[in-house]
Amino acid sequence: MSLLATDPNDRPRLRLPKSLRNPLFVLAVIVLLGVLVMAVFAAQIAPYDPLDMVNMPFLWPFADPSSPLGTDQLGRDLFSGIVQGSRATLLVGFSSAVLGLMIGTCVGALAGYFGGWVDIILMRVTEIFQTMPTLLLIIVILAIGNPSIPLIAISIGLAAWPMIARLARAEFLSLREADFVMAARALGYPTGRIILREILPNALPTLIVGASVLVANGILLESAVSFLNLGDPNVVSWGSLIGNGRTQIRSEWYLSALPGVATVLTVLSLNILGDRLTDILNPRSGERS
Amino acid sequence: MIPKPPVLELLKLEVGFPGAPIVKGIDLKIEEGEKVALVGESGCGKSLTAFSILRLLPQAARITGGQVIFDGHDLATLPAHELRRIRGKGIALILQEPMTSLNPVLPIGLQVAENILQHEKLSRRAAKERVIELLDLVGIPNPRERYTMYPHNFSGGMRQRVMIAMAIACNPRLLIADEPTTALDVTIQAQVMDLLEDLCSKLSMAMLLITHDLGAVAQWTDRVAVMYAGRIVETAPIAPFFAGPQHPYSQGLMNSSVDDGWHYSSHRLTEITGNVHSALGERGCAFAPRCPLAAPGCRETPPPLELAGPDWHVACYRRAEAMAPSPVAASH
Amino acid sequence: MGLLRTIRRTALQALPTMFGIVLIAFILLHLMPGDAVDAISGMSGSSSQETMEEMRAAYGLNDSLPVQFIRYVAGVFTLNFGMSINYSAPVLDVIMERLPATLTLMFTAFVLALSSGIVIGWAMAVFAGRWVDRLLTAGSLLLYSAPNFWVGLMIIVYFSAKLQLFPAGGAETIGADLQGWAWFTDRLHHLVLPSCALAAFFVAIYARLTRAAMLEVLRQDYIRTAHSKGLHPMLIQFRHGLRNALIPVTTVAGLHLGNMLGGAVVVETVFNWPGLGRLTMNALAARDTQVLLGILLLSSIAVIVTNVLIDWLVSWLDPRIRS
């Protein structure tokens, strides 16, 4: 009679879900952890100050063991540059994402929960920010103050939140009709509590996955900004390294290529992570067997 | 009278998803012009059976065994390009959900004409005239104006009429209708079924009606096949079947249906105790766990279909007990 | 079909958005260090404090903020964006001079990205789960993760420095003074690398979108209906599948136009393209705030206008919207 017990596939196992055991996903997590460790312990890992001239100029990678990734036109160590540059890049990527997540969640939550006029007005504002070309808005904001890491992070966060706002609105719109919210309302819980304690925890997984895209975007925008020389000239980031290599692009192309590879690997890992997590949250969108 | 070969013959048809057989060896014959109903609860494999005839199964599902004989060909193994000549021309299909079974971005006239242009050498203009006749035939008012309209301009019943026009466009010999009225209002249901019956006799089409509505079976078909958990448990002509079904499952189906006054209701089938049992690991009669008459022998091997009367087959070891005065009703 | 009506409807909808953008531009203008008079006096050499005050009064800079704002809005709606200090010319003229180059680049990149993205995404959906799909998915994820300026630099390294196939920068051969067909092919030759660099990221976006939309559409009942009519699978893929999948793809393509303009700014810098991107960088270096805001405003208007056109295109593709 006990049909299910005969099925060997049905024994409970303590293993990660299938989608998390995907080798690509594991690789992405390893890359991200590696970059994170590199950024945290940059001072211990990098042999030199990336702004110091330490070696002969234009050393190619693997030519000299003391500068494993070569040197630039001023003899500055590229390996140290990439290691130290990860700090600025990741810092801006993550803090802009946190800012974008906060603004976007607030706007989306209010619009989705209250609906009506609040929704119309807030969505208009979202649309306004979505219409303005992101990078141009960032450039104009940067023109106001002196370029510094916080200002870059703030400008990217200010330009990038509409995506999260739309996500949050959709989540709140559907969750506010859920039974447990109805119950909370019937019990007379205050609105603030319903939003923060009842709906937000349920909407959070989706929003965090959305934020992984925001981090990837933030890193790309930061590198564009520092590539355009709009960043802090005293701080090395991957974008500024790429920009610095531009003048020698025809001969010493490794100067731009290597920091770019670092950027691509990091952003790629974030995107793989985001894709996978989306698949888990919403299995139908995955379509991978 | 020379016995004509059947229009469609399913022989030991098996369909399933990888690792999960759903349809477990079905034999079914449909004669020329005959209207056959395939009845069962949702999940019993009746829709999968219908789709497997034209090999229109969902992506992961496969025909894992058996044959589908139509016009001397085995459709289960026919090369794809030859099968396409039968789809829409020899056998046509009507799906249950008229809201989603028409392409929302193409005019309905074109969608009907597609079928004609695919199978017959006709000019576009001649095809259009045919379509307008067809739309008129299925009872769509102002067919000439409606030709260029889109599905969203039509009500559910009207869309199903368009689907029917599309299906009969090439005078198919067999029409497969997968719960064609489930999604419609009760008042529209009868109209659509009347139209289908009318067209069947006008065009001498055979019809395979997939349904869980015994009322529709009694009113509009000639023969019924009751399906349970991937097998046919009873098949009989309408009149004797409704006078007294022999399989305990059919009896349960009928009892709960009669109680409800012969029309569709969603809770009807749940009145049989339990529900469709997991097909995995099944050994004996699949209905045994819910059957009031189940004996230990029922759980050993699945019962075969046996002749129980003229053109009447039942798969039950306890048929004799089941025919004793209303055992199922007594169990209530 | 009803283009004018669509335009009127969407233009009315876009009006509040436009107003909001002008408001933000106005706020940013006042947050910026220095005002127009500082800029002009800096341009014409030092002026005395008195003349500067006179000029402030003349320009209405001493009026209350709401009055200034109304004047600013009126200016924007009559396409008067003020004067550029760097070029001593109206901002509109300065921008209009550079706009065609940017539009050429963007249009080429957009057409390239949309067409190849749809083809690639379609192939991914048709071969979903097989190695073609895996390869293309990996490729598009890679393009999706690469900064466009870096892609630009790398294709310069390979196609210009190494293979010597295309020029590495500029919009035309300087001093060649070409005419007619030769002029056209020269421009085209210069256009190849920058538009590829700009398109790369968007190819990935559109391909992923098309794949998802196509897989969703191929699951629909009407695809089974089409098969039940015995139609050729190719016909079903195109007439029934792609026709429907294009609706979400086109809608989202419009949303990405603003991003593409931002991307164009960077790519233009890489390829020395004489468009808005370089103007932006010059204006930034010269603290030419009026030009910066003018570019922000005009490009926002451009995005809105294009979205109206996209709306019309979508309503043409989707009869449910039309009625």
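Sequence lines set the chain letters: A, B, ... in the order given, protein chains first and strands last, and positions in each chain run from 1.
Between C:Pro319 and B:Pro104 the shortest heavy-atom distance is CG-O, 3.3 Å.
Heavy-atom proximity under 4.5 angstrom to chain C picks out B:His119, B:Arg124 from residues 119-146 of chain B. Contacts with chain B (heavy atom to heavy atom, under 4.5 Å) involve no residue of residues 111-122 of chain C.
C:Lys229 contributes atom NZ, which lies 10.5 Å from atom CG of B:Leu117 (distance to the nearest 0.5 angstrom). C:Leu235 contributes atom CG, which lies 6.0 Å from atom CD of B:Glu114 (distance to the nearest 0.5 angstrom). In this structure, B:Asn115 CG and C:Ser228 OG are separated by 7.0 Å, a value rounded to the nearest 0.5 Å.
Listed by chain and residue number, C:Leu246, C:Ile310, C:Leu313, C:Val314, C:Leu317 satisfy the side chain to side chain contact (heavy atoms under 4.5 Å, CB included) test with C:Thr250 (two or more places apart in sequence, or in another chain). Partners of B:Asp178 under the side chain to side chain donor-acceptor pair (under 3.5 Å) rule, at least two apart in sequence or in another chain, are B:Ser47.
For B:Met163, the part lying under 4.5 angstrom from a heavy atom of chain C is the side chain only. Neither the backbone nor the side chain of B:Pro151 has a heavy atom closer than 4.5 Å to any heavy atom of chain C. When heavy atoms are compared at a cutoff of 4.5 Å, B:Gln118 approaches chain C solely by way of its side chain, counted from C-beta outward. For B:Ile53, no part lies under 4.5 angstrom from a heavy atom of chain C.
The choice from B:Ile176, B:Leu106, B:Ile86, B:Leu54 that makes the most heavy-atom pairs within less than 4.5 Å of chain C is B:Leu106.
Among C:Arg243, C:His240, C:Arg239, the single residue meeting the side chain to side chain donor-acceptor pair (under 3.5 Å) criterion with B:Asn103 is C:His240.
Side-chain N or O atoms of B:Thr100 include none that pairs as donor or acceptor with a backbone N or O of C:Asp221 at under 3.5 Å.
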